[in-house]
Structures are given as C-alpha cells and as structure tokens.
Amino acid sequence: MTGATTTGGAPDGGAGTAGYREAEPVRLAAGHAAALLAFERENRAWFAASVPDRGDAYFASFAERHAALLAEQEAGLCRFHLLFDADGAVLGRINLVDLADGGAELGYRLAERATGRGLATAAVRRICVRAAEDYGLTHLTAVTTEDNTASQRVLLRAGFAITGPATVAGRPGTAYRKELTAPAPEPR
C-alpha cells in the first residue's frame with residue numbers, strides 16, 4: 001500500500017474527545033473486517049470529498065483486501081490501526097505504510113461524525129509515540145491535498161513540518177515529515 005493520504009482531520013486540534021476511546025489506536029485484526037467495511041461504506045462520500053475514491057472494486061473484494069492488509073502487516077511492511085468509539089464502532093483508521101529505512105508514511109481517515117473533536121490530532125500524536133516506541137521508527141512522512149485544510153492543521157499540530165509540494169492522485173498537495181524520538185532508556 002503506497003501513497004497514503006489523510007482525510008477527515010479534526011479542525012479543533014485536540015479538545016473534546018470525551019466519551020471516546022478512539023485516541024488509542026488498536027492494531028488491525030481479522031475480526032475487525034465487518035466493522036471496518038461498515039465504516040468505509042458509511043463514509044464513502046465523505047472521504048471522496050477529500051481524497052480519491054477507493055472505487056467499487058474495493059468494496060466488492062473487501063474480504064480479499066482485508067486479508068492482504070493483514071498479510072502486509074504480518075510481514076512487517078505496514079502497521080494498520082483502527083480507532084473505536086465506546087460501542088465498538090470504527091471511528092477511523094490510522095496507518096503506517098511502507099516501513100523502510102527507519103520511516104513510514106502516515107495515513108488516516110475519520111468518520112464524518114467523529115470530526116471536530118480533536119480525535120485526529122490525538123490519534124496522530126499517539127501513533128507517533130507508538131511508531132517510535134513499539135516499531136522503532138525514526139521519522140514519519142505524510143501527504144495531503146491542498147484543499148484538505150483540516151488534515152494540514154492536524155499534521156502541523158502533531159509536530160509535522162512541511163517539506164514541499166506533492167502530488168496526490170494527480171492533485172496538488174503538500175508533503176510533511178516528523179522526526180521521532182525514542183524514549184530514554186531506563187536507568188540501571
């Protein structure tokens with residue numbers, strides 16, 4: 001999976017996530033397939049407003065795609081995560097793709113109903129910590145389209161720096177990077 005893009009960022013930058021357990025990304029598992037498919041279907045039009053649509057084939061072959069994602073994750077190529085509400089419904093995805101040379105590309109999507117509460121900013125901050133501590137990564141990159149101002153704000157609030165222009169599925173965009181710091185070792 002390459003070329004991850006961000007969508008559905010929260011415009012308020014971090015406040016108001018009470019009632020959600022979504023800020024803690026949960027690793028994608030086989031048992032998440034039905035909830036993830038429901039999330040993607042329910043939010044398809046919302047996502048298509050900010051990033052290129054996945055197309056009908058994605059939904060028609062979802063089971064195979066889900067299995068392929070799990071295989072990529074098992075091989076250590078990617079790390080996929082979901083964000084859940086208190087009832088167990090998927091509120092978003094936050095992914096680290098193309099792990100190589102100490103880095104990965106960050107991508108995320110939030111349900112339309114979950115925006116505006118700081119969820120995206122909280123989740124991106126958490127995944128940055130997890131990327132360093134659990135996955136040993138030293139940097140993350142991300143891209144977003146020029147018109148996706150909510151995701152641009154999320155990335156900047158989470159400590160990403162603009163590195164230059166980018167093209168996202170043929171659309172003008174911006175590239176970002178964040179250097180990660182590993183936690184200090186425990187004193188002996």
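Here the side chains of Asp134 and Val129 are not in contact, with every heavy-atom distance at 4.5 Å or above. Proximity of Asn95 to Cys78: side-chain heavy atoms (C-beta onward) are nowhere separated by under 4.5 Å. At least one side-chain heavy atom of Leu106 sits less than 4.5 Å from a side-chain heavy atom of Leu155. Here the side chains of Thr141 and Tyr176 are not in contact, with every heavy-atom distance at 4.5 Å or above. Contact of the Pro25 side chain with the Leu83 side chain is registered, since non-hydrogen atoms from C-beta on lie closer than 4.5 Å. Residues Gln152 and Ile162 form no side-chain contact, since every pair of their non-hydrogen atoms from C-beta on lies 4.5 Å or further apart. Residues Arg79 and Leu99 form a side-chain contact, since some pair of their non-hydrogen atoms from C-beta on lies under 4.5 Å apart.
Ion pair Arg171/Glu146 not flagged as a salt bridge, since none of the NZ, NE, NH1 or NH2 atoms sits closer than 4.0 Å to an Asp/Glu carboxylate oxygen. Ion pairing between a basic and an acidic side chain is recognised when a charged N comes within 4.0 Å of a carboxylate O; Arg113 and Glu42 show no such pairing.
Aromatic ring centres of His32 and Phe80 lie farther apart than the 6.0 Å criterion allows. Here the two rings, on Phe47 and Phe39, have centers that are under 6.0 Å apart.
Between Val26 and Phe84 the shortest heavy-atom distance is CB-CE1, 3.8 Å. The two residues Ala30 and His66 come nearest to each other via the heavy atoms O-NE2, 3.6 Å.
Taken together through direct or relayed side-chain contacts under 4.5 Å among Ile, Leu, Val, Met, Phe, Trp and Tyr, Val124 and Leu156 form part of one hydrophobic cluster. Under a hydrophobic-cluster definition in which Ile, Leu, Val, Met, Phe, Trp and Tyr are linked whenever side-chain heavy atoms come within less than 4.5 Å, directly or via other members, Leu77 and Leu69 are assigned to different clusters. Both Phe59 and Trp46 sit in one connected hydrophobic cluster of ILVMFWY residues. Membership requires side-chain heavy atoms under 4.5 Å apart, directly or through other members.
Classified by interplanar angle (parallel below 30°, tilted 30° to 60°, perpendicular above 60°), the ring pair Phe62/Tyr58 is perpendicular.
In terms of modelled atom types and a separation under 3.5 Å, the side chain of Asn43 and the main chain of Glu112 share a donor-acceptor contact. Without hydrogens or angle criteria, Arg157 side chain to Ala122 main chain gives no donor-acceptor distance under 3.5 Å. The backbone N or O of Ser151 sits nowhere less than 3.5 Å from a side-chain atom of Thr144 that would complete a donor-acceptor pair. Listed for the Asp85 side chain is a donor-acceptor partner under 3.5 Å among the backbone atoms of Asp87. Not one N or O on the side chain of His81 forms a donor-acceptor pair closer than 3.5 Å with the backbone of Gly92.
Atom OG1 of Thr163 is separated from atom NZ of Lys178 by 14.5 Å, given to the nearest 0.5 angstrom. Taken from CG in Leu70 to CZ in Arg27, the straight-line distance is 9.5 Å, to the nearest 0.5 Å.
The cationic atom of Arg93 (NZ for Lys, CZ for Arg) does not lie both less than 6.0 Å from the six-membered ring centre of Tyr108 and within 45° of the ring axis.
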